[in-house]
*Asks:* 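So that we are looking at the same thing, I have put the structure below in structure tokens.
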Amino acid sequence: MLETSIPKNSAVLAALLRADFTILWRNRRSLRLVLLLPLIILFSWKGLVDKLGGVFVLSSCITIGLTSIGLMGYTNSIARDRDRGVFQRLRVGPVSAWTIMTSRLLVQVAMILLMTILIFIGGYFVDHIQLSPAGYVAGLLLAMLGGAVYLGMGQAIVGRIKNPDTVNSTTRLVYFVFIMIGMFGEFGMLGEILGKVVVWSPYGVVRRVLASSLAPATWTIENTYALLASAGYAAVFIVLGVKWFKWESK
């Protein structure tokens, strides 16, 4: 009698992680673009450190990086692989759905950590921005929360839209709106009402939470509200993304 050996979930997850990291490494050009954008902004904003503060510059660059990873990198990767039938072929084997998505998300978490650390290093050596040890640790932890907001948003977009070209154009539009309106709104260039909307948008609350985490001594009750709003956005986007997601593009 032939016996079928079903691999453990841990072994399957390890194999998927190796494959996903290998694919990420082979697509080094897109990886460099995602990581270079916030660093370029960090270096170009060196003159703003004295005017707006190092914490503002760092938190803005990390927020822009999180938006790039969640909307541009993760979303388009999922849409492309779904259109090519990668997920459909994976689900034929003894691979659970949660294992597939966990592997993809862990790769994005690694990118978020790498991007945040690079910004800390660039801020220290180029812009001469120094934080306390608690600020660095808290910044890394809350960058994970900010990443959950944008990864969840990307999951909701790719779950609702099946066509990869439409996903690509939609994420580009959302990215442009978040970055441009977010930055101009915080600088007070869009009026009082729209400025308040921006402050409590996903961009605004994530940047505010990150800024407060980088300087823990400045934490206030308003920052706690922003933290709760960030967690709320992440929960809503993740629930919608899971509910809407289809493993096939047809």
Side-chain angles (χ1 to χ4, degrees), residues 34 37-38 55-56 58-79 98 101-102 104-113 115-116 119 138-161 167-168 170-187 190 193-216 218-245:
V34 171
L37 177 60
V55 166
F56 178 87
L58 287 180
S59 61
S60 296
C61 292
I62 294 174
T63 303
I64 292 171
L66 294 176
T67 310
S68 300
I69 292 172
L71 291 180
M72 305 298 290
Y74 174 73
T75 306
N76 290 310
S77 173
I78 295 295
W98 72 265
M101 299 312 297
T102 298
R104 294 299 179 100
L105 291 173
L106 287 176
V107 171
Q108 302 305 312
V109 169
M111 287 186 62
I112 290 171
L113 287 173
M115 180 269 299
T116 306
I119 288 177
L140 281 174
L141 292 177
L142 289 182
M144 296 296 101
L145 174 61
V149 173
Y150 289 107
L151 289 173
M153 184 184 299
Q155 186 72 33
I157 291 174
V158 78
R160 196 62 176 176
I161 304 172
V167 170
N168 185 29
T170 301
T171 53
R172 289 178 182 274
L173 176 61
V174 175
Y175 178 82
F176 177 81
V177 169
F178 268 52
I179 298 303
M180 298 306 296
I181 294 182
M183 288 193 298
F184 284 127
E186 286 198 324
F187 288 142
L190 301 178
I193 296 178
L194 190 54
K196 291 182 179 179
V197 173
V198 169
V199 168
W200 292 103
S201 68
Y203 177 91
V205 295
V206 168
R207 198 210 63 77
R208 185 169 187 170
V209 167
L210 282 170
S212 302
S213 68
L214 298 177
T218 65
W219 192 276
T220 64
I221 186 64
E222 286 78 11
N223 302 133
T224 301
Y225 294 151
L227 177 64
L228 294 175
S230 299
Y233 279 128
V236 170
F237 291 143
I238 291 171
V239 169
L240 292 177
V242 172
K243 179 180 179 180
W244 291 338
F245 188 73

*Asks:* Going from CE on M101 to CD1 on I78, what distance comes out if it is rounded to the nearest 0.5 angstrom?
*Replies:*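 The distance works out to 4.0 Å.
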
*Asks:* List for me each residue that meets ring-ring contact (aromatic ring centres under 6.0 Å, His included) alongside Y175, sequence neighbours excluded, and say none if there are none.
*Replies:*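 Y175 satisfies ring-ring contact (aromatic ring centres under 6.0 Å, His included) with no residue once adjacent residues are dropped.
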
*Asks:* Determine the minimum heavy-atom distance between P202 and V149, stating which atoms define it.
*Replies:*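 Heavy-atom minimum between the residues: CB-CG1, 4.1 Å.
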
*Asks:* Please report the closest heavy-atom contact between V55 and A211, naming both atoms and the distance.
*Replies:*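 Scanning both residues completely, I find the closest heavy atoms to be CG1-O, 3.1 Å.
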
*Asks:* Suppose we screen for side chain to side chain contact (heavy atoms under 4.5 Å, CB included). Which residues come up paired with R172, at least two apart in sequence or across chains?
*Replies:*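 M72, N168.
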
*Asks:* Could you work out, with side-chain hydrogen bond (donor to acceptor under 3.5 Å, both in side chains) as the rule, every residue matching T218, not counting sequence neighbours?
*Replies:*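 If we apply the side-chain hydrogen bond (donor to acceptor under 3.5 Å, both in side chains) test to T218, skipping adjacent residues, there are no hits.
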
*Asks:* Please list every donor-acceptor pair under 3.5 Å in which a side-chain atom of residues 225-241 meets a protein atom from a residue at least two apart or in another chain.
*Replies:*
residue, atom, partner, partner atom, Å
S230, OG, A226, O, 2.9
Y233, OH, W200, O, 2.6

*Asks:* Among residues at least two apart in sequence or on other chains, which ones pass side chain to side chain contact (heavy atoms under 4.5 Å, CB included) with A138?
*Replies:*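 So A138 forms a side chain to side chain contact (heavy atoms under 4.5 Å, CB included) with S213.
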
*Asks:* Mind checking side chain to side chain contact (heavy atoms under 4.5 Å, CB included) for A143 and listing every partner two or more places apart, or none if nothing turns up?
*Replies:*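 For A143, the residues satisfying side chain to side chain contact (heavy atoms under 4.5 Å, CB included) (neighbours in sequence not counted) are I62, I112, T116, L210.
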
*Asks:* Mind checking what makes side-chain hydrogen bond (donor to acceptor under 3.5 Å, both in side chains) contact with N76, not counting sequence neighbours?
*Replies:*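 Not a single residue meets the side-chain hydrogen bond (donor to acceptor under 3.5 Å, both in side chains) criterion with N76.
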
*Asks:* Decide yes or no for M153 and V174: does some side-chain heavy atom of the first lie under 4.5 Å from some side-chain heavy atom of the second?
*Replies:*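 Yes - at least one pair of side-chain heavy atoms lies under 4.5 Å apart.
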
*Asks:* Could you give the distance from CG (L66) to OH (Y203), rounded to the nearest 0.5 Å?
*Replies:*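 With rounding to 0.5 Å, CG (L66) is 10.5 Å from OH (Y203).
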
*Asks:* What residues, two or more places apart in sequence or in another chain, satisfy side chain to side chain contact (heavy atoms under 4.5 Å, CB included) together with V177?
*Replies:*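 With sequence neighbours excluded, V177 shows a side chain to side chain contact (heavy atoms under 4.5 Å, CB included) to L173, I181, given in chain and number order.
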
*Asks:* Rounded to the nearest 0.5 Å, what separates atom CE in M144 from atom CD in Q108?
*Replies:*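 Answer for the CE-CD pair, M144 versus Q108, is 11.0 Å.
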
*Asks:* Rounded to the nearest 0.5 Å, how far apart are CZ of R208 and OG1 of T220?
*Replies:*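 With rounding to 0.5 Å, CZ (R208) is 5.5 Å from OG1 (T220).
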
*Asks:* Please name the pair of heavy atoms, one in M115 and one in G65, separated by the smallest distance, quoted to 0.1 Å.
*Replies:*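 The answer is CE-C, 3.8 Å.
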
*Asks:* Is there a donor-acceptor contact under 3.5 Å from the side chain of S77 to the main chain of G73?
*Replies:*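 Side chain of S77 to backbone of G73, a donor-acceptor pair under 3.5 Å: no, none is there.
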
*Asks:* If every non-hydrogen atom of A79 is compared with every non-hydrogen atom of V167, which pair is closest and at what distance?
*Replies:*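 That would be CB-CG1, 3.9 Å.
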
*Asks:* Kindly indicate, with the supporting measurements, whether the criterion side chain to side chain contact (heavy atoms under 4.5 Å, CB included) is fulfilled by V158 and T171.
*Replies:* CA-CA 9 Å; V158 78; T171 53; over 6 Å; no

*Asks:* I want to check something: taking the side chain as every heavy atom from C-beta on, are Q155 and Y74 in contact at a cut-off of under 4.5 Å?
*Replies:*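 In contact.
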
*Asks:* Which pair of non-hydrogen atoms, one from L214 and one from S59, has the smallest distance, and what is that distance?
*Replies:*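 Heavy atoms only, the tightest pair is CD1-N, 3.9 Å.
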
*Asks:* From T224 OG1 over to W219 CH2, what is the distance, rounded to the nearest 0.5 angstrom?
*Replies:*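 So the OG1 of T224 and the CH2 of W219 are separated by 5.5 Å.
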
*Asks:* What distance do I119 atom CD1 and L58 atom CG have between them, rounded to the nearest 0.5 Å?
*Replies:*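 So the gap between those two atoms works out to 7.5 Å.
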
